[in-house]
Amino acid sequence: TGLQDMRAWARLAVLAFCFGSSFVTRDAAAQKQRVVPEARIESARGVALGTGSRATSAATQAQADNPANIVSGGVYHIETLAGYSPTFKRLSYGGAVVDSMTSKLAAGISARGLYGDNDAGENSGWEGRVSLAVPIGEMLSIGLAGRYANFTVSDQKAKPERPPMAGSTTVDQTFKLKAFTMDGAITLRLSESFQLSALAYNFIDTDTPLAPLMVGGSAGFSISSGFTLGGDVLVDLNTHDAYNGAKLLAGGGVEYLAQ
């Protein structure tokens with residue numbers, strides 16, 4: 001039932017760890033600066049598990065990471081999230097609502113705001129996201145999410161998008177995102193314990209590393225004893241010259257839910 005599923009999601013995750021790695025061919029000079037991190041709405045479980053949780057996501061985490069999975073569970077789920085990033089010296093605050101009880105067409109809505117600044121400049125903005133998903137039979141679900149974001153992110157450790165202008169030594173490390181984009185996903189449930197997902201993020205090009213075009217897949221396996229294993233493989237197709245082309249991202253996560 002929906003109530004049972006909500007209780008299951010409310011159990012304490014007493015053990016959760018994640019491991020991930022990026023495989024990028026870069027010269028030594030390029031490695032001194034990183035690409036500015038992607039700016040997107042996150043969920044509590046997604047933050048805890050990191051890379052490796054997309055195929056097994058549900059409810060508000062699916063709203064953030066895998067729109068095809070908001071159909072799972074038959075729940076009405078509300079979540080709020082607040083955090084502080086010492087790297088960017090900024091506060092984040094937001095919330096999400098997912099309804100997969102009212103009809104077969106599941107829906108979710110979420111929003112987030114950022115507020116802060118650091119030595120490199122302003123870190124502020126907001127974003128909103130709406131997701132829809134529908135099951136096709138017992139094994140398949142398809143979801144789409146539309147997202148509008150208006151962010152200014154300043155990162156003094158990030159590689160700039162463009163070199164300084166002629167005659168200037170000032171490096172612009174302020175990044176802006178003001179665009180509408182979309183995510184899409186398909187999830188195949190091969191059994192009650194094993195799921196596969198195909199994922200596409202920001203497939204309407206925004207021309208910024210704050211919302212890169214990414215495609216890939218995720219697999220998740222749940223064990224009745226409370227363990228969940230997951231792995232994700234994504235390709236960041238942000239081919240901007242400053243970032244040396246596409247990058248492969250891979251990682252996994254393990255979760256234990258106390259019964």
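Just so it is clear, the structure is predicted and the values come from calculations on it, not from any experiment.
- The distance from atom CG of D99 to atom CG of L105, rounded to the nearest 0.5 Å, is 9.5 Å.
- Ring centers of Y256 and F227: under 6.0 Å apart, within the cut-off.
- Side-chain contact check for V97 versus H77: every heavy-atom pair is 4.5 Å or farther apart.
- N69 contributes no side-chain N or O that, together with a main-chain N or O of A58, makes up a donor-acceptor pair within less than 3.5 Å.
- Looking at S110 and Q63, their side chains do bring a donor and an acceptor atom within 3.5 Å of each other.
- Of all heavy-atom pairs spanning T187 and S197, the tightest one is OG1-OG, 2.8 Å.
- When all heavy atoms of V71 and S100 are compared, the closest pair comes out as O-CB, 3.9 Å.
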inquiry  = Go through it in stages, so that I can follow the logic: the residues are F151 and E122, the test is side-chain contact (heavy atoms from CB on, under 4.5 Å), and I'd like the CA-CA distance, side-chain angles, deciding distance and then a yes or no.
reply    = CA-CA 10 Å; F151 284 131; E122 180 182 359; over 6 Å; no
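- Within the 3.5 Å criterion, the main-chain N or O of A68 finds a donor-acceptor partner in the side chain of S141.
- With a 4.5 Å cut-off on side-chain heavy atoms, V233 and L249 do not count as touching.
- Summarising the geometry of N123 relative to F88, their closest heavy-atom pair is OD1-CD2, 3.5 Å, with the distance given to 0.1 Å.
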request  = Check step by step if side-chain contact (heavy atoms from CB on, under 4.5 Å) holds for I136 and I142.
outcome  = CA-CA 8 Å; I136 301 176; I142 298 175; 3.4 Å; yes
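- For the pair S92 and L81, the minimum side-chain heavy-atom distance is 4.5 Å or more.
- Residues T174 and S154 bring a donor and an acceptor atom of their side chains to less than 3.5 Å of each other.
- Residue L132 is not grouped with residue F203 when hydrophobic side chains (ILVMFWY) are merged at heavy-atom distances under 4.5 angstrom, including chains of intermediate members.
- D232 places no side-chain N or O within donor-acceptor distance of the main-chain N or O of G251, the cut-off being under 3.5 Å.
- To the nearest 0.5 angstrom, Y201 atom OH is 12.0 Å from L213 atom CG.
- In this structure, I70 is not a member of the same hydrophobic cluster as L188, with clusters built from ILVMFWY side-chain heavy atoms closer than 4.5 Å.
- A heavy-atom distance below 4.5 Å is not found between the side chains of L91 and L114.
- You'll find the ring centres of W126 and Y115 outside the 6.0 Å limit.
- Note that the CG atom of L196 and the CZ atom of R54 stand 15.0 Å from one another [nearest 0.5 Å].
- Put simply, the side chain of Y76 does not reach to within 4.5 Å of the side chain of V98, judged on heavy atoms.
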message = Does Q195 form a side-chain contact (heavy atoms from CB on, under 4.5 Å) with F221? I'd like the steps, not just the answer.
response = CA-CA 7 Å; Q195 298 185 165; F221 183 74; over 6 Å; no
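- Here the closest heavy-atom approach between residue G74 and residue M101 is recorded as O-CG, 3.0 Å.
- Of all heavy-atom pairs between N66 and S57, the closest is CB-OG, 3.4 Å.
- Atoms OG1 and CD, from T228 and E255 in turn, are 5.0 Å apart once rounded to the nearest 0.5 Å.
- In this structure, the side chain of Y93 does not engage the main chain of T80 through any donor-acceptor pair within 3.5 Å.
- When side chains are defined from C-beta on, E38 counts as touching P212, because their heavy atoms get closer than 4.5 Å.
- Rounded to the nearest 0.5 Å, atoms OG1 (T152) and NZ (K176) are 3.5 Å apart.
- Under the 3.5 Å distance criterion, with hydrogens and angles disregarded, a donor-acceptor pair is assigned to the side chains of S53 and Q61.
- Using a 4.5 Å heavy-atom cutoff, the side chains of R147 and E127 are in contact.
- Taking all atoms of both residues into account, the shortest heavy-atom contact from T208 to L177 is CG2-CD1, 3.7 Å.
- Interatomic distance, T181 OG1 to N202 CG, rounded to the nearest 0.5 Å: 4.5 Å.
- Salt bridge absent: R189 and E138 never bring a charged side-chain N and a carboxylate O closer than 4.0 Å.
- In terms of hydrophobic clustering, with Ile, Leu, Val, Met, Phe, Trp and Tyr side chains grouped at heavy-atom distances under 4.5 Å, V134 and I109 are assigned to different clusters.
- Here the side chains of P67 and L144 are not in contact, with every heavy-atom distance at 4.5 Å or above.
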